[in-house]
Amino acid sequence: MPGIVFSPQTAPRHGRRRPVTRNRLTALLPGRADWAAMRRDPRRDVLAGLSVAVVALPLALAYGASSGLGARAGLATAVVAGALAAIFGGGALQVSGPTGVMTVVLVPIIRHHGVDGALLAGMMAGVLLVLAALARLGRYARCVPASVVEGFAVGVAVVIALQQVPAALGLGARHGEKVWRVAAATVADYARDVRPAPLLMAAAVAVAMAVGSRRLPKVPVALIAIAAATLVARFLPLHLERVGEVPAGLPVPSPHFLDFGVAVALLPSALAIAVLAALEGLLSAAVVDALGAGERSDPDRELFGQGLANLAVPFVGGVPATATLARTAVNVRCGATSRLASLTHALALAAIAFMAGGLVSAIPRAALAGLMLGAAVRMIKIRSLAAIVRTSLSDALIVAFTLTVTVMVNLIAAVAAGVVIATVVTVAALARSGRIEAMPLEGADGDDTGEERTAAGDIGLYRLEGPWFFAASHRLVQGLGQVSGRRVVIFSMAGVSALDLTAARVLGETITQLRGRGVTVLLAGVRPRHHRLIAHATDGAHLPPADLLHPDPAAALLHARSLVGTPDPPSPRRA
């Protein structure tokens, strides 16, 4: 929603900022379209939300326990953050809750500042996210290249699949800094004591999820598969590991952790939490947009929703939260169409926390692993990847690189490294696009006089095109270094789309060198925004602007002919 703008004559002295800020805040709040979308297909959304809740429950309990705040904290986070982000977030299909990435940040905070310090850092991160939303920083998420998003999505799918290996093989939960190492160690242990029942159950649920969701999109395949697996485990002696006891109820809200005396010391930790929440949430939204699963997400609203969620969860003892691709992928693949699905997921978790813990405790962990494996498989878009490989080798390499770093290192490092590599590739491509071409002069050949041919030989016209900046400076030096054998040289710069200080200095040094050899240099068609750079770079040449800059090649050629003593200049071809 655009802000209110006052004209300079009518604007009150201190009245401009308030309307703009008010409208900016209004744009971040839910609108009529959000509520209307929730009424389109409520049955489908409710079923999708219930499926996500089944998947999210064990993840919330596990992440809460591994963070050091306890399983109950993870469940409280999934309920409170899930509901707030569903209402205020920028993606209609995003599902928020505790994540594995956050546990890595929280463990050292708890070690140095205790549980209260971790809660305060999470709340401070929420404040930073809200401020980032008001400053409209979310739009910079659009700067992440599509190849990085594709690689990140495939990498996350692989990570999700690797995380399910212990449960799918019927072994206990395993934790480690590198998920691929944990998966490899688990497979090695399984090979020494093979038990086919968990693997077969996980495979059956995964196949049902992958095939059924595609062929029967309106059927709650995930719920049916989980229910069937639970009944099979209940009546057959398969000895499968279950989800286990679920904590009853949610903590009572309390501000006991507020101690602003340590806020300064916690600021770096809060900033790290905010950056992680923003990156994971915005990239999850970008992947969902790429899947074509619904309306485009609003990155600023996503930051705002995640900020409000992280402001609230510390009061119920929760861990920092963000939108996650794992749960969001299940939401999308189960047919969600609006925010009602993610809101249902949060309400279902709340109901489970208070009433249905016994039912959930009977679900086999292998069945949940199969559900996640099916969602991971459907996250990988084979056609899109094949199209990238066919059309662009550089983009294919960026996808592969981002995927590898996502799996081998972590999500944040993958995004940072992918953006850096994509930027380097783009800069290199732009550096190669600049051209310097010698242009012939009409009238230099044919029936013209000997005096005109002499003038044409004394004057050289060169056209510069494309972006000229630091990465292309060596090519500019090579191109300008080939200019010789003329008394007057004209550089037509109307086609120069970008010019930075490095390239301008190379141009200035070339002008100085040519003048040292008795060659006069004229610049034609310099864009107005480049005038100051040209003036700064050619200051050492001590040329008045009238003798250096000309509006177009024709004017420059007229001046050049006056310098070489020929009265009638030939017309330059289009430069």
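If you take CZ on Arg365 and CE on Met201, they are separated by 13.5 Å, rounding to the nearest 0.5 Å. Atom CZ of Phe260 and atom CG of Leu266 lie 11.0 Å apart (nearest 0.5 Å). The distance from the CG atom of Leu120 to the NE2 atom of His113 is 10.0 Å, given to the nearest 0.5 Å. Note that CD1 of Ile226 and CG of Leu50 are 12.5 Å apart. Values are rounded to the nearest 0.5 Å. Atoms CE and CD1, on Met123 and Ile273 in that order, are 11.5 Å from each other to the nearest 0.5 Å. Residue Arg339 holds its CZ atom at 11.5 Å from CG of Asp45, rounded to the nearest 0.5 Å.
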Tell me, with the steps shown, if Val330 and His345 meet side-chain contact (heavy atoms from CB on, under 4.5 Å).
CA-CA 11 Å; Val330 174; His345 134 271; over 6 Å; no
Step by step, would you call Leu28 with Leu303 a side-chain contact (heavy atoms from CB on, under 4.5 Å)?
CA-CA 9 Å; Leu28 298 174; Leu303 291 178; over 6 Å; no
Derivation of the side-chain contact (heavy atoms from CB on, under 4.5 Å) call for Leu385 and Val154
CA-CA 9 Å; Leu385 293 174; Val154 178; 3.9 Å; yes
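Between Phe152 and Thr402 the shortest heavy-atom distance is N-CG2, 3.6 Å. Taking each heavy atom of Gln306 and Ser96 in turn, the nearest pair found is NE2-OG, 2.9 Å.
Checked against Ile352 for a side-chain contact (heavy atoms from CB on, under 4.5 Å), the options Leu57, Val79, Leu347 give a single hit: Leu57.
Between the side chain of Ser284 and the main chain of Glu280, no donor-acceptor pair closer than 3.5 Å is present. No side-chain donor-acceptor contact under 3.5 Å links Gln163 to the backbone of Val179. Not one N or O on the side chain of Arg327 forms a donor-acceptor pair closer than 3.5 Å with the backbone of Ser342. Distance alone, capped at 3.5 Å, places no donor-acceptor pair between the Asp189 side chain and the Thr186 backbone. When atom types are taken as modelled, the side chain of Asn310 and the backbone of Gly122 share no donor-acceptor pair closer than 3.5 angstrom. Between the side chain of Thr77 and the main chain of Val319, a donor-acceptor pair closer than 3.5 Å is present.
Remark: the Ser297 side chain and the Gln94 side chain contain no N/O donor-acceptor pair separated by less than 3.5 Å.
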